[in-house]
Amino acid sequence: MNDRFASAAMPSFNPWQAAIFVCLTVLALLFLAPTIGVLLSSLKTTEDIALGKLWSFPTSLYLDNFRTVLADPAIHTYFLNTLLIAVPATAGSIVLGILSGYVFAKLPFRGSDVLFLAIIAGMFFPPQVILIPLFRLFNGLGLLDTLWPMIFVHIAMGIPICTLMMRNFFATVPAALREAAIIEGASEWQVLTKVALPLSLPALAVLSTLQFTWIWNDFLWPLIFTQSDDKRTIMLGLVFLQGQYSVAWGIQGALSLIASLPTLTVFLFFQRYFIKGMTMGAVKG
């Protein structure tokens, strides 16, 4: 009797679960390897890295790389430029996505489905296709080597995904809520701001996190539209942060870690709603 209860209490070995666990562990290590390498390089001197000691753990913490990065005025300019681009571009794309998504979900009109598909089609165009037209456009407007081209482009490229997600989310909001608010005398703007938006916090958290991360980490558009050092973003400045005769691997590693802090902070701030928002609105109820 005791042996039977003991055998029932012991979990049975499942080789498939063990194999999946091993595979996931290996994939996780491979995924984390670049981050570990950047972290180790940020704590080493350029000489140690040149001698092939990158993957060895340092015997003492070498923090001069971080001090150099934090004391560099150019780095402060890169951070400020990136912030001045990411915040308004994120806000602009989300606001326009909210307005268009609400119209497509709750106020359809003749031809709205065709217009919705036309907007969503913008998600599938590679940005390299419009490099030359946009460069000539902003050059003609005299906006090259300013922050405005990056703001406008990121707002425009963020509208399709924001519209898609907000339209799908607003479609799940019961029509009875809107009808009850209208009966009480609310306008469509009041229905949107006081009924629909408070319910859409998970979707807004996802969009805010993704948009801010994409814009903050962007490298292509600053490379095309900026020329002077005082207009560069943090990702573009990371590439140009080199020594006189060699690449400053330790300093670049330190800057990479510091540059990732804003996006990590945004994710931690919205993590309460992020996972829930990733699934809400994906399927119409």
More than 12 foreign heavy atoms under 6.0 Å from [atom1] of [X]: is that the case here?
{"X": "Leu24", "atom1": "CG", "result": "yes"}
{"X": "Phe219", "atom1": "CZ", "result": "yes"}
{"X": "Phe31", "atom1": "CZ", "result": "no"}

Could you label the plane-to-plane angle of the Phe152 and Phe138 rings as parallel, tilted or perpendicular, counting under 30° as parallel and over 60° as perpendicular?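 Because their plane-to-plane angle is under 30°, the rings of Phe152 and Phe138 count as parallel.
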In terms of the angle between their ring planes, are Trp216 and Phe79 parallel, tilted or perpendicular, with boundaries placed at 30° and 60°? tilted
Going by the rule ring-ring contact (aromatic ring centres under 6.0 Å, His included), which residues pair with Tyr78 if we only count those two or more places apart in sequence or in a different chain? none
Minimal non-hydrogen separation, [X] against [Y], with atom names:
{"X": "Met150", "Y": "Thr146", "answer": "CE-O, 3.5 Å"}
{"X": "Val38", "Y": "Gly253", "answer": "CG1-O, 3.5 Å"}
{"X": "Ala89", "Y": "Ile151", "answer": "CB-O, 4.1 Å"}
{"X": "Gln211", "Y": "Cys162", "answer": "CG-SG, 4.1 Å"}

Donor-acceptor contact below 3.5 Å, side chain [X] vs main chain [Y]:
{"X": "Lys106", "Y": "Val173", "result": "yes"}
{"X": "Ser112", "Y": "Phe104", "result": "no"}
{"X": "Asp218", "Y": "Trp214", "result": "no"}
{"X": "Ser208", "Y": "Ala205", "result": "no"}
{"X": "Lys231", "Y": "Leu147", "result": "no"}
{"X": "Gln252", "Y": "Leu238", "result": "yes"}
{"X": "His154", "Y": "Phe212", "result": "no"}

Would you say [X] and [Y] make side-chain contact, with heavy atoms under 4.5 Å?
{"X": "Pro149", "Y": "Phe135", "answer": "no"}
{"X": "Asn81", "Y": "Asp230", "answer": "no"}
{"X": "Leu192", "Y": "Phe170", "answer": "yes"}
{"X": "Ile251", "Y": "Asp72", "answer": "no"}
{"X": "Leu84", "Y": "Leu80", "answer": "yes"}
{"X": "Phe66", "Y": "Leu257", "answer": "yes"}
{"X": "Arg232", "Y": "Pro222", "answer": "no"}
{"X": "Val129", "Y": "Pro126", "answer": "yes"}

[X] [atom1] to [Y] [atom2] distance, which is reported to the nearest 0.5 Å:
{"X": "Thr233", "Y": "Leu223", "atom1": "OG1", "atom2": "CG", "result": "9.0 Å"}
{"X": "Met165", "Y": "Leu204", "atom1": "CE", "atom2": "CG", "result": "10.0 Å"}
{"X": "Leu134", "Y": "Ile224", "atom1": "CG", "atom2": "CD1", "result": "10.0 Å"}
{"X": "Asn139", "Y": "Arg136", "atom1": "CG", "atom2": "CZ", "result": "9.0 Å"}
{"X": "Thr172", "Y": "Asn168", "atom1": "OG1", "atom2": "CG", "result": "8.5 Å"}
{"X": "Leu39", "Y": "Thr35", "atom1": "CG", "atom2": "OG1", "result": "9.0 Å"}

Could you see if [X] belongs to whatever hydrophobic cluster contains [Y]? Use Ile, Leu, Val, Met, Phe, Trp, Tyr and a side-chain cutoff under 4.5 Å.
{"X": "Phe125", "Y": "Ile130", "result": "no"}
{"X": "Ile36", "Y": "Tyr62", "result": "no"}
{"X": "Leu27", "Y": "Phe21", "result": "no"}
{"X": "Trp189", "Y": "Ile94", "result": "yes"}
{"X": "Leu83", "Y": "Phe269", "result": "yes"}

For Ser42 and Asn65, does a side-chain donor sit closer than 3.5 Å to a side-chain acceptor? no
Applying side-chain hydrogen bond (donor to acceptor under 3.5 Å, both in side chains) to Asp145 and Thr226, what does each step give before you reach the verdict? CA-CA 4 Å; Asp145 205 26; Thr226 60; 5.3 Å; no
Could you check Leu141 against Trp148 for side chain to side chain contact (heavy atoms under 4.5 Å, CB included), going step by step and ending with a plain yes or no? CA-CA 11 Å; Leu141 295 175; Trp148 290 109; over 6 Å; no
NZ or CZ of Arg167 within 45° of Phe116 ring axis and under 6.0 Å: yes
Using the rule given for side chain to side chain contact (heavy atoms under 4.5 Å, CB included), can you reason through Thr90 versus Leu207, listing the C-alpha separation, both sets of side-chain angles and the distance that settles it, and then say yes or no? CA-CA 8 Å; Thr90 300; Leu207 286 178; over 6 Å; no
Let me know which of Ile161, Leu99, Ile98 forms a side-chain contact (heavy atoms from CB on, under 4.5 Å) with Met166. Ile98
Go through Thr163 and Ser100 one step at a time and tell me if the side-chain hydrogen bond (donor to acceptor under 3.5 Å, both in side chains) criterion holds. CA-CA 6 Å; Thr163 299; Ser100 57; 2.8 Å; yes
Residue pair Leu199, Leu177: steps toward the side chain to side chain contact (heavy atoms under 4.5 Å, CB included) verdict: CA-CA 11 Å; Leu199 297 175; Leu177 292 178; 3.9 Å; yes
Please determine whether a side-chain nitrogen of the Lys or Arg among Arg178 and Glu188 lies less than 4.0 Å from a carboxylate oxygen of the Asp or Glu. yes
Could you walk me through whether Ile258 and Val69 pass the side chain to side chain contact (heavy atoms under 4.5 Å, CB included) test, one step at a time? CA-CA 9 Å; Ile258 295 176; Val69 168; 3.8 Å; yes
